[in-house]
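So the structure is just underneath, and the comments pick up after that.
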2 protein chains.
Amino acid sequence: MAHTMHDVARRAGVSPATVSRVLSKNPYISAETTNRVLSAVKELHYHRNVHARRLAIGKSDLFGLVISEIANPFFSEIIRGFQSAAWDRGFDVLLLNTEYNPERTQSVVRKLIENDVRGVAVMTSSLDSDVIQTLTREGIAVVLSNLSAPDRLVSNITIDYGRGLSQAIEHIASLGHRRAAVIAGPPSNQTAANIATALVDGLKQRGLDPDPVTHSAYNVEAAAEAVKAIVSTKRTPTVIFCGSDLIAMGVMVALEQAGIDVPSEISVIGIDDIAFSYLVRPPLTTIRVPREDLGVTSFKALNKLLKQKRNRGDEYVIETELVIRKSTAAARTSLLRKKIEALKTGSKLQNL
Amino acid sequence: MAHTMHDVARRAGVSPATVSRVLSKNPYISAETTNRVLSAVKELHYHRNVHARRLAIGKSDLFGLVISEIANPFFSEIIRGFQSAAWDRGFDVLLLNTEYNPERTQSVVRKLIENDVRGVAVMTSSLDSDVIQTLTREGIAVVLSNLSAPDRLVSNITIDYGRGLSQAIEHIASLGHRRAAVIAGPPSNQTAANIATALVDGLKQRGLDPDPVTHSAYNVEAAAEAVKAIVSTKRTPTVIFCGSDLIAMGVMVALEQAGIDVPSEISVIGIDDIAFSYLVRPPLTTIRVPREDLGVTSFKALNKLLKQKRNRGDEYVIETELVIRKSTAAARTSLLRKKIEALKTGSKLQNL
DNA sequence: CTGAAAGCGCTTACAG
DNA sequence: CTGAAAGCGCTTACAG
């Protein structure tokens with residue numbers, strides 16, 4: 001069995017209270033006592049039991065972070081940002097993923113409450129407003145990124161897609177595109193719907209024809225499926241705006257299979273700027289969402305919320321921006337020439 | 001303040017002990033009492049405090065999972081497998097990441113002990129054998145994947161790269177390759193070193209010349225750097241074996257920048273088969289490591305270890321296999337023709 | 001600067 | 001089938 005504070009106390013010849021004080025860095029302890037206690041701790045390989053500690057303190061040192069799924073690289077930097085911010089201030093993070101599953105979502109909420117987290121950043125749309133109320137009723141601070149209004153114990157972070165979208169539309173228009181398709185995220189997702197609306201409005205305003213406007217789940221396979229309907233029409237678009245980078249990647253795969261070249265025949269634009277977006281070919285032009293910043297801001301928002309007496313929520317805004325990526329012309333030309341050569345001479349392009 | 005079991009008891013007109021029994025699904029409770037308690041729980045929105053519960057039980061319901069970094073997609077499926085296996089059995093997972101940082105690594109170990117986890121799966125090489133001993137001394141079961149021998153409270157999962165490597169070498173040899181470079185993972189990593197050795201031996205045995213044999217950290221940037229030295233020599237290889245898919249992707253980027261075509265001039269082979277490996281172009285041929293299986297097996301191994309009286313560790317083996325990927329010839333040819341056409345006519349390949 | 005004691009919110013033999 | 005009581009391992013006023 002692991003040792004307890006009592007064991008350490010006996011060994012150091014002090015009371016458990018003193019051991020607790022030393023370990024909590026209470027300043028009113030003599031240097032000598034501190035040393036004796038620390039030696040005993042070391043000798044016994046003593047570690048405090050965090051469950052007992054949390055129970056005694058009456059508050060947990062935990063903050064929750066709710067995401068959809070760990071496998072989605074979109075969340076990676078959010079996690080990193082949130083974690084660092086929390087650790088820097090001596091808090092722990094309880095990372096919970098809903099996997100888009102209602103049952104799991106329920107158990108996520110239960111865990112948040114059972115663990116007595118101080119606050120939670122909800123970075124998925126799987127939690128509806130009922131659930132949010134359940135949390136705030138327990139005194140848990142909540143920060144969301146779904147455009148709901150700030151409230152008691154609830155702050156909101158708005159990701160301002162407007163700027164990035166305008167830049168993207170301007171970019172596309174200036175390249176001479178006329179017909180733009182839109183594959184937004186799932187319609188049940190409020191953010192996705194807002195982005196779709198903003199895109200359609202923006203495109204029209206710039207004299208572009210948004211057609212068709214459709215949607216897809218946030219994954220490669222669904223997107224590949226969604227794009228089929230688009231390319232099978234007679235009047236194909238010259239650019240496809242996608243609701244996320246994963247959707248864009250699915251689109252690129254499907255276009256390739258259909259024998260349609262990106263970007264010479266159809267350009268593709270994503271949203272998020274996930275880490276892999278510069279590794280696909282052609283590299284993905286996308287609207288960057290500063291996700292590490294989003295994570296950090298989320299934590300700070302929670303902290304602020306809890307420090308105020310009235311727990312009044314705030315509104316935060318995070319900006320987006322277009323990231324234009326192209327293959328180096330030189331490199332691509334040189335590669336093409338080689339491939340042309342290879343095709344001509346019929347030389348062994350074994351893996352072609 | 002949140003309600004306690006006492007509040008529920010009073011409201012239901014029973015003792016706290018009874019509430020506890022109802023909530024723990026103790027069978028010897030009358031249906032009527034159960035209902036009264038459950039109603040009170042519902043009315044008060046009562047949730048058990050997990051810290052008090054864990055303290056009273058004397059054992060936590062936690063299992064630890066230690067990885068290097070969440071952003072690395074290599075770990076995604078491991079997490080998923082481990083989590084599902086744990087949840088299915090009513091346990092919770094404490095996910096800890098070292099970020100390759102010694103300080104963080106120390107605090108990871110501390111957290112494992114403080115949280116009184118029953119067992120921990122260590123999926124990173126950041127924890128040395130000293131640390132493992134620290135854990136087992138506390139009675140924590142450990143499962144590793146680093147080729148150390150099973151021991152008391154320690155099981156080992158060997159990923160058998162042999163099969164996948166043989167298949168890859170055979171594949172490459174049958175395509176007529178003669179000169180193979182190797183960019184292994186970091187030399188400090190035992191697994192990386194073993195893979196490098198196996199590769200060199202296997203290549204020689206098959207009459208291929210492994211040269212040069214070098215290494216890189218497990219990320220895109222480092223790999224891109226590492227490959228420069230290789231292509232700058234006069235005698236460039238026709239295939240590069242990479243210690244991971246991320247390394248392979250870095251290599252592909254760097255080769256492209258150097259104007260070297262993959263795979264017609266140099267073929268690239270990765271290891272892992274991360275989710276994105278089929279999205280890069282050309283799609284990556286790689287050695288698949290069944291990582292979800294690895295996660296599930298890790299959990300089962302811990303469970304088994306804890307159930308035995310003697311806590312004797314076991315040895316597990318996970319197989320790998322080559323995944324050959326090529327672009328559809330038809331699609332690529334058609335795309336090439338279009339690009340050729342575009343180049344000839346000088347038409348606007350704006351983003352080319 | 002330090003100790004004795006109460007209390008955090010649960011669980012679980014023990015007794016009935 | 002149910003309750004009173006002890007105990008899990010800490011922390012922290014309170015007192016000195």
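Convention: sequence-line order gives letters A, B, ...; per-chain numbering from 1. All heavy atoms count here, side chains included; hydrogens, waters and symmetry mates do not. Keep in mind that what you see is a predicted model, and the values were worked out from it rather than measured.
- Per the geometry, CG belonging to B/Asn115 stands 20 Å off P belonging to D/dC8, to the nearest Å.
- A distance of 8.0 Å separates CG in A/Leu112 from CG in A/Leu127, rounded to the nearest 0.5 Å.
- In this model, a donor atom of one side chain and an acceptor atom of the other lie less than 3.5 Å apart for B/Arg104 and B/Asn97.
- Using a 4.0 Å heavy-atom criterion, one finds that B/Ser30 contacts the sugar-phosphate atoms exclusively.
- Regarding B/Asp61, its CG atom lies at a distance of 15 Å from the P atom of C/dC10, rounded to whole Å.
- Between C/dT12 and C/dG16, the two C1' atoms lie 16 Å apart (nearest whole Å).
- The phosphate of D/dT12 (OP1 or OP2) has no side-chain N or O of A/Tyr28 nearer than 4.0 angstrom.
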Response to the item:
Base-pair string, DNA chain C, Watson-Crick plus G-U, cut-off 3.5 Å on both distances, | for inter-strand, is |||.||||||||.|||
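- For A/Arg21 and C/dG3, a side-chain-to-base donor-acceptor distance below 3.5 Å is present, hydrogens and geometry of angles not being considered.
- Enclosure of atom CD in A/Gln106 is not indicated, since only 12 or fewer non-hydrogen atoms of other residues, nucleotides or ligands lie within 6.0 angstrom.
- At a threshold of 4.0 angstrom between heavy atoms, the contacts of A/Leu55 include nucleobase atoms, whether or not backbone atoms are also involved.
- Per the geometry, CD belonging to A/Glu32 stands 12 Å off P belonging to C/dC1, to the nearest Å.
- If you take NE2 of A/His51 and C1' of C/dG7, they are 19 Å apart, rounded to a whole angstrom.
- For B/Ala56, counting side-chain heavy atoms from C-beta on, the closest listed nucleotide (D/dG9, D/dA4, C/dC10) is C/dC10.
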Worksheet entry | Stepwise salt bridge (charged side-chain N to carboxylate O under 4.0 Å, His left out) test for A/Lys304 and A/Asp314 | CA-CA 9 Å; A/Lys304 171 135 184 268; A/Asp314 291 301; 2.7 Å; yes
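- If you check D/dT12, C/dG9, D/dC10 against the side chain of B/Ala52, the one that comes closest is C/dG9.
- Between the CG atom of A/Asn49 and the C1' atom of D/dT11 there is a distance of 13 Å, rounded to whole Å.
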Validation: residues 16-25 of chain A side-chain donor-acceptor distances under 3.5 Å, sequence neighbours left out:
| unit_1 | atom_1 | unit_2 | atom_2 | d |
| --- | --- | --- | --- | --- |
| A/Thr18 | OG1 | A/Ser15 | OG | 3.2 |
| A/Ser24 | OG | A/Ser20 | O | 2.9 |
| A/Ser24 | OG | A/Arg48 | NH1 | 3.3 |

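- Remark: B/Arg48 is in phosphate contact with C/dT11, judged by side-chain N or O atoms under 4.0 Å from OP1 or OP2.
- Between the A/Asn189 side chain and the A/Ala192 main chain, a donor and an acceptor come within less than 3.5 Å of each other.
- Residue contacts for A/Val14: at a heavy-atom cut-off of 4.0 Å it reaches the sugar-phosphate backbone alone, with no base atom in range.
- In this entry the distance linking CD1 of B/Ile57 with C1' of D/dG9 reads 15 Å, nearest Å.
- Evaluated for a side chain to side chain contact (heavy atoms under 4.5 Å, CB included) with B/Ile67, the options B/Thr124, B/Ile79, B/Asn72 yield exactly one hit, B/Ile79.
- Look at CG on B/Leu23: it is 13 Å from P on C/dT12, rounded to the nearest Å.
- Taking 4.0 angstrom as the limit, B/Thr4 places none of its side-chain polar atoms (N or O) nearer than this to OP1 or OP2 of C/dC8.
- For B/Met5 and D/dA5, the CE to P distance is 19 Å, given to the nearest whole Å.
- For D/dC1, neither phosphate oxygen OP1 nor OP2 lies less than 4.0 angstrom from any side-chain nitrogen or oxygen of B/Thr18.
- Minimum atom distance to the side chain of B/Arg53 is reached by C/dT11, of the listed C/dT11, D/dA4, D/dT11.
- Of the possible polar contacts, one joining the A/Thr136 side chain to the A/Gln133 backbone as a donor-acceptor pair under 3.5 Å is found.
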